[in-house]
Enquirer: 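Just passing along the structure, written as structure tokens.
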There are 2 protein chains.
Amino acid sequence: MPADLPKSRAPSIRDVARLAGVSHQTVSRVLNNHPSIRDSTKARVQQVMEDLQYRPNRAARALSRGTSRTIGVLAASSSQYGPASSIAAIQDAAREAGYYVNTANLTSVDPDTIEAALDHLMLQSVEGIVVIAPQMRVFDVLEQLSIAVPYVTLQSTGKLNEHGLSFDQISGARAATRHLIDLGHRNIYHLAGPQDWIEAEARMRGFLDEMGAMDVPTTAPILGDWTADFGYYAGRELLRVRDFTAIFSSNDQMALGLMHAIRDAGLSIPGDVSVVGFDDIPEAAHFWPPLTTVRQDFPELGRRCMALLLDDISAVSPERRGAIIPELVVRASTGPPAF
Amino acid sequence: MPADLPKSRAPSIRDVARLAGVSHQTVSRVLNNHPSIRDSTKARVQQVMEDLQYRPNRAARALSRGTSRTIGVLAASSSQYGPASSIAAIQDAAREAGYYVNTANLTSVDPDTIEAALDHLMLQSVEGIVVIAPQMRVFDVLEQLSIAVPYVTLQSTGKLNEHGLSFDQISGARAATRHLIDLGHRNIYHLAGPQDWIEAEARMRGFLDEMGAMDVPTTAPILGDWTADFGYYAGRELLRVRDFTAIFSSNDQMALGLMHAIRDAGLSIPGDVSVVGFDDIPEAAHFWPPLTTVRQDFPELGRRCMALLLDDISAVSPERRGAIIPELVVRASTGPPAF
DNA sequence: CGTTCGAATGTGCACGGTCACAATTGTGGA
DNA sequence: TCCACAATTGTGACCGTGCACATTCGAACG
């Protein structure tokens, strides 16, 4: 065995060059698939790279090229199923495209936190940013800082449409609402997400639009915080009056809490109250009763989002942005009203 | 206004130096908080940095220092609640410590995929790796590749204990099992996780240990895949014989599917069958019935993991590694057996 | 056989920091 | 006043790669 000398430094492009008997530039060309390299030369260089376990140094490359091949993800509530799935898909898509991903989590939404997170990303000279922190304020801050790199978001906002890509939350919410109306319900509550959230806003608008279009009187939506705990407490409050036969919840977790409260009150689902959720998390089919909900394909969204951003970065801009239509999944938590 | 000339290039350390009337090295010292800098000089340099909106270039720094201040995360099933929470906590902890985080997802467990993911991380010259892909094979590959950087894992393995930090899954599983035995159950099934998973193995061992210690005869555990869907189908199969009064499920999702199947069979929980889960995901309290389970504090685990890795990187090694004891949360899905 | 031209390869420097070392300044004691 | 010594600042090289440009090679052509 050829006594593998314990070089203290990792092999560089010049080490490879020396051993292959070529110039460092030729090695660089092999690395970057330059067309005019003789096949025999290329093979020899690649052999040496293999022998030396050569790895190109990313920092050096970034420095010299002035580009980092890194994109940043700005995410809120990243431990929830939806965002987490999208993030995973984004990372996979990025890796496939030869990009690296760096994630910054937002623990709160005050401007300082947002700015700090953005700073963190900019410090790494990211070439683009994906925002999965669908709060209005985040976009205010983004606009204000006039970010120097392209960014896209998973949620569409009225004013930032040029950066947006999204599920058509509104039509998803309308489909859910329509389903309840078609079943005969006329007294329907909406349990919405937090005020500041774009998704919450869109779903609420879908609900109100459909109710309006079908001429069904509405009550003011209740603003929740996405958690099952909140759904439970909101359900308890609502049931003190019990002037409704159906509830459309802005996400599946709150719907779960709601159903818990309804059962606690001795009522049956969907006999006394129908419940519709939103997202179709993998567990929704096994809730009791199995939840009627609106399915979103988060991984697909993540992938498309990434494609969009990569286009932006390379400035091709083929107008691929647009909405994905979510699908209503009818299970056992909805039925006709009792009266 | 002083006509902000649109420099094509971002300001460098030398630009700052020129405007502040010092050498570039002095600017570098200000950046790195070198002790011997006159306060007045420091202030002047900082003022110029502020004026120029100077940002140090990370690639250049990494290149010259030979260190990237980046750590890698190797994750499987990162869209699930547990891993996602831990990842978020790791990222926060890393950011606080001035490190950057790069995540690679494992979509499958074949060695090639693992190696590709590791390659991806190594290419960025990460200084350490956190493994949240608790499959045995991942560690086999890790050992085989003799990774040049320190790595830690969230799960303890017998043979890799020096890299491990974990919940004491075994004692958690023993507590859950003991709870069922104390209630009077003698015919208890265990729905385990996939064969290859370290956590699944540990929980199974905990179950078997406790059953053995209490002299209760056991049947062979069923190997699942963590999903609610699997729990449902496993439940359906088990109920064809129905020679048990309790089931201990390796995670909450499978427990949810199980309960779904039990209800479908017209049986009551916990009247006919008791169910215990593991993890205490936020929804578990709102399942029907609310699930008795074992709580794990994932964010805390992520933070401690990060602390451990940073110690490893700086080679302090204060022997902080160790287990966190999870806690049994008794809710309504468990009770004494009917016969 | 010289010329021409494209393919293949080499040379030197720039990128933006840090490091090792040199140079300068300031301070107190002999 | 001069010197030793610490505090402060400057100089030049270097990290590993890519780029612009120069050079050499090789084949086709007149």
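Numbered from 1 within each chain, the chains take letters A, B, ... in sequence-line order. Nothing here was measured: the structure is a model prediction, and the numbers come from that model. Only this structure's heavy atoms are used, side chains among them; waters, hydrogens and symmetry mates stay out.
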Enquirer: Could you give the CZ-to-P distance, from B:R69 to C:dT18, as a whole number of Å?
Expert: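 Going from B:R69 (CZ) to C:dT18 (P), I get 12 Å.
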Enquirer: What's the closest nucleotide to the side chain of A:Q25 if the choices are C:dG17, C:dA20, D:dC19?
Expert: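 Within the option list, the nearest is D:dC19.
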Enquirer: Calculate the interatomic distance between B:L52 atom CG and C:dG16 atom C1'; express it in whole Å.
Expert: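 Checked: the CG to C1' distance equals 15 Å.
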Enquirer: Quick check on DNA chain C: between A:K42 and A:R14, whose nearest nucleotide comes earlier from the 5' end?
Expert: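 Closest to the 5' end, via its nearest nucleotide, is A:K42.
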Enquirer: Does the B:R95 side chain pair with the main chain of A:N105, one donor and one acceptor, at a distance under 3.5 Å?
Expert: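 It does hold such a pair.
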Enquirer: Under 3.5 Å, is there a donor-acceptor pair between the side chain of A:R29 and the main chain of A:K42?
Expert: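 Looks like no, no N/O pair under 3.5 Å.
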Enquirer: With the side chain of A:S23 defined as its heavy atoms from C-beta on, choose the nearest nucleotide among D:dG16, C:dG17, C:dG10.
Expert: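 The answer is C:dG10.
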Enquirer: Hey, does the side chain of A:E127 reach the backbone of A:R69 with a donor-acceptor pair shorter than 3.5 angstrom?
Expert: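 Yes; judged by distance alone, with no hydrogens or angles, the pair exists.
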Enquirer: Of all the nucleotides listed (C:dG10, C:dG16, D:dT17), which has the minimum atom distance to the side chain of B:N57?
Expert: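 Looking only at side-chain atoms, B:N57 lies closest to C:dG16.
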Enquirer: Just the rounded figure in Å: distance from P of C:dG16 to CE of B:M49.
Expert: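 Result: 17 Å.
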Enquirer: Just the rounded figure in Å: distance from C1' of C:dC15 to CG of A:L63.
Expert: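 After rounding, the reported distance stands at 4 Å.
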Enquirer: Tell me the interatomic distance from A:R38, atom CZ, to D:dC25, atom P, rounded to whole angstroms.
Expert: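 So the two atoms are 11 Å apart, to the nearest Å.
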Enquirer: Taking the side chain of A:H24 as its heavy atoms from C-beta onward, which of C:dG16, C:dC19, C:dT11 lies nearest to it?
Expert: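 Within the option list, the nearest is C:dT11.
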Enquirer: Among residues 28-37 of chain A, which contact DNA chain C at a heavy-atom distance under 4.0 Å?
Expert: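 Residues of residues 28-37 of chain A that come under 4.0 Å of DNA chain C are, in numerical order, A:R29, A:S36, A:I37.
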Enquirer: Between A:I13 (CD1) and D:dC14 (C1'), how many Å, whole number?
Expert: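 Computing the A:I13:CD1 to D:dC14:C1' distance gives 16 Å.
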Enquirer: Closer to the 5' end of DNA chain D via nearest nucleotide, is it B:D39 or B:S64?
Expert: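 Per heavy-atom nearest nucleotide, the more 5' residue is B:D39.
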Enquirer: Look at the side chain of B:D15 and the backbone N and O of B:S12, then say whether any donor-acceptor pair between them is shorter than 3.5 Å.
Expert: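 A pair under 3.5 Å: yes.
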Enquirer: Just N and O in the side chain of B:T41: are any of them under 4.0 Å from OP1 or OP2 of D:dT9?
Expert: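 For D:dT9, OP1/OP2 do have a side-chain N/O of B:T41 under 4.0 Å.
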Enquirer: Hey, is the main chain of A:S68 close enough, under 3.5 Å, to the side chain of A:R58 for a donor-acceptor pair?
Expert: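 Answer holds: yes.
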Enquirer: Is a side-chain N or O of A:R303 found less than 3.5 angstrom from the main chain of A:A89, in a donor-acceptor match?
Expert: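 It does not hold such a pair.
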Enquirer: Regarding A:V22, tell me which of base, sugar-phosphate or nothing describes its non-hydrogen contacts under 4.0 Å with the strands shown.
Expert: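 Sugar-phosphate, backbone atoms only, no base.
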Enquirer: Describe the nucleic acid contact of B:R55 in one word from base, sugar-phosphate, nothing, applying a heavy-atom distance below 4.0 Å.
Expert: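 Sugar-phosphate, backbone atoms only, no base.
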Enquirer: Return yes if some donor-acceptor pair links the side-chain N/O of A:N57 with the main-chain N/O of A:A59 below 3.5 Å, else return no.
Expert: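 Such a contact is found between A:N57 side chain and A:A59 backbone.
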Enquirer: Could you state the atom-to-atom distance from OH of A:Y54 to P of D:dG16 in whole Å?
Expert: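 So the OH-P distance, A:Y54 to D:dG16, works out to 10 Å.
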Enquirer: Could you state the atom-to-atom distance from CZ of A:R65 to P of C:dC15 in whole Å?
Expert: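 Computing the A:R65:CZ to C:dC15:P distance gives 17 Å.
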